Amino acid sequence: MTGIPDSFGRTINYLRISVTDRCNLRCLYCMPVEGVPQMSHSEILSYEEIWTVVRAAAEMGISRIRLTGGEPLVRAELPKLVHMISEVEGIEELSLTTNGTLLNEYALELKQAGLSRVNVSLDTLKTDQFRYITRLGRLETVLDGIQAAKEAGLGPVKINTVVMRGINDDEILDFARMTYEGWHVRFIELMPFKDVAEFVPSIELRQHISLLGNLEPCAPVTGNGPATYYRLAGTRGTIGFVSPLTETSFCSRCNRMRLTPDGKLRPCLLGEDEIDLKTPLRNKASMEEIKRLILEAVASKPERHHLEGHDVRLVNRKMSQIGG
Ligand code: SAM
């Protein structure tokens with residue numbers, strides 16, 4: 001496997017790029033209803049600057065890129081960036097994490113620009129509850145967006161669901177049943193950035209879903225990300241569990257780094273360390289210098305996060321500013 005070896009035996013081959021801190025939803029566990037102070041256009045990396053980082057990373061063995069945000073599709077001309085990255089030698093997979101609200105409009109264009117596939121965040125299948133959780137969105141636009149992504153060939157589409165006790169934990173079986181129709185669903189443990197609800201441990205979800213039948217461990221449909229996967233007998237779709245809070249081996253499989261909209265490379269989502277790439281990029285640093293900074297970030301990647309016993313509300317950035 002190509003990639004950059006870190007100090008703990010992991011190979012880093014995956015870069016998540018947050019292209020904007022802006023979002024058109026206000027999910028109650030992610031953003032305050034009034035939004036967060038926005039970065040100005042000059043503060044965030046241009047597409048050319050992002051492209052330079054990707055080229056440097058690809059030369060070092062990074063082969064997978066994910067675009068995220070904020071909501072990546074609210075940034076103007078995102079297909080242009082998709083096209084630029086998809087042409088970079090060494091990039092084997094380019095995917096997008098989105099809330100799906102604008103997918104109906106962009107799915108085909110994104111596919112034509114070279115996007116491989118999408119993950120769509122969707123926490124409820126109920127119209128009223130969708131409004132309650134996202135405060136601004138309409139469920140139908142997301143469902144249409146998911147369908148449009150599938151039809152455009154941006155599959156396998158994965159649905160990401162953050163489970164919150166007392167808010168959407170009564171819908172777990174409905175989401176699990178979507179795998180009968182071939183959808184891939186991943187349940188994500190809520191990280192306590194805000195005091196909105198209690199997380200539901202993945203083990204509890206697994207036990208609950210077992211009411212529908214035996215959950216057989218299976219391989220991921222794509223990639224080698226942080227989820228562990230299962231399948232209900234006879235289904236085409238898979239059920240994944242992303243368990244940053246309860247799975248002790250979670251970090252030992254971490255293969256990623258994150259680039260924030262303002263050009264900071266973060267070795268760990270939940271750490272405080274960041275390496276500034278924007279200043280050197282704007283000072284016309286050489287490719288060798290950018291590569292040296294990427295190596296420095298990989299070398300400073302911690303062995304594990306310290307979510308337990310640590311108040312993540314104090315993490316220096318919001319999820320929307322990192323690209324959760
Ligand atoms: N707007 C895009 C979206 O909705 O997918 C991309 C950015 S969003 C921050 C990325 C993912 O982070 C979403 O799946 C969201 O549910 C998740 N997320 C945000 N805050 C979270 C939290 N406190 N715990 C777990 N997941 C969270």
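Reckoned from all heavy atoms, side chains included, excluding hydrogens, waters and symmetry mates. Both counts, for ligands and for their atoms, begin at 1 and track the order of listing. As the structure is a prediction and not an experimental result, all values here were calculated from the model.
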Exercise for the section: Not counting sequence neighbours, which residues clear salt bridge (Lys or Arg N to Asp or Glu O under 4.0 Å) with Arg282? List them please. Expected result: Glu49
Completion exercise
Atoms of ligand 1 under 4.0 Å from any heavy atom of Thr98, numbered from 1 in the order shown, are 2 (C), 3 (C), 4 (O), 5 (O)
Practice task
Decide whether an N or O pair under 3.5 Å exists between Glu71 and ligand 1.
Solution key: yes
Exercise for the section: Applying side-chain contact (heavy atoms from CB on, under 4.5 Å), name anything that partners Pro5, two or more places apart in sequence or on another chain. Expected result: none
Problem - ligand 1 atoms in contact with Thr68 (distance to a heavy atom under 4.0 Å) - result: 6 (C), 7 (C)
Handout entry: Approximate separation, where rounding is to 0.5 Å, of Leu15 CG and Asn255 CG
Key = 11.0 Å
Problem - NZ/NE/NH1/NH2 to OD/OE distance under 4.0 Å, Glu59 and Arg55 - result: no
Practice task
Establish, for the pair Arg256 and Tyr14, whether the NZ or CZ atom is under 6.0 angstrom from the six-membered ring centre and no further than 45 degrees off its axis.
Solution key: no
Problem - Basic-acidic side-chain contact under 4.0 Å: Arg131, Asp128 - result: no
Exercise for the section: Quick one: look at Asn99 and ligand 1, take heavy-atom pairs under 4.0 Å, and tell me if it's side chain, backbone, both or neither. Expected result: both
Problem - Closest non-hydrogen atom pair, Ser243 against Ser202 - result: OG-OG, 2.8 Å
Fill in the blank from the handout: For Glu89 and Ala58, the nearest pair of non-hydrogen atoms, with its separation, is O-CB, 3.5 Å
Exercise for the section: Assess Gly70 for proximity to ligand 1: is some non-hydrogen atom of it under 4.0 Å away? Expected result: yes
Fill in the blank from the handout: Here the atoms of ligand 1 under 4.0 Å from any heavy atom belonging to Thr97 are 2 (C), 5 (O), 6 (C)
Completion exercise
Going by the 4.0 angstrom heavy-atom rule, the piece of Asp123 near ligand 1 is neither
Fill in the blank from the handout: Note: ligand 1 atoms sitting under 4.0 Å from heavy atoms of Glu189 are 25 (C)
Handout entry: Contact (N/O only, under 3.5 Å) between Met191 and ligand 1
Key = yes
Practice task
Number the atoms of ligand 1 from 1 as they appear, then name those within less than 4.0 Å of a heavy atom of Phe193, with their elements.
Solution key: 23 (N)
Problem - ligand 1 N/O within reach of Asn160 N/O, cut-off under 3.5 Å - result: no
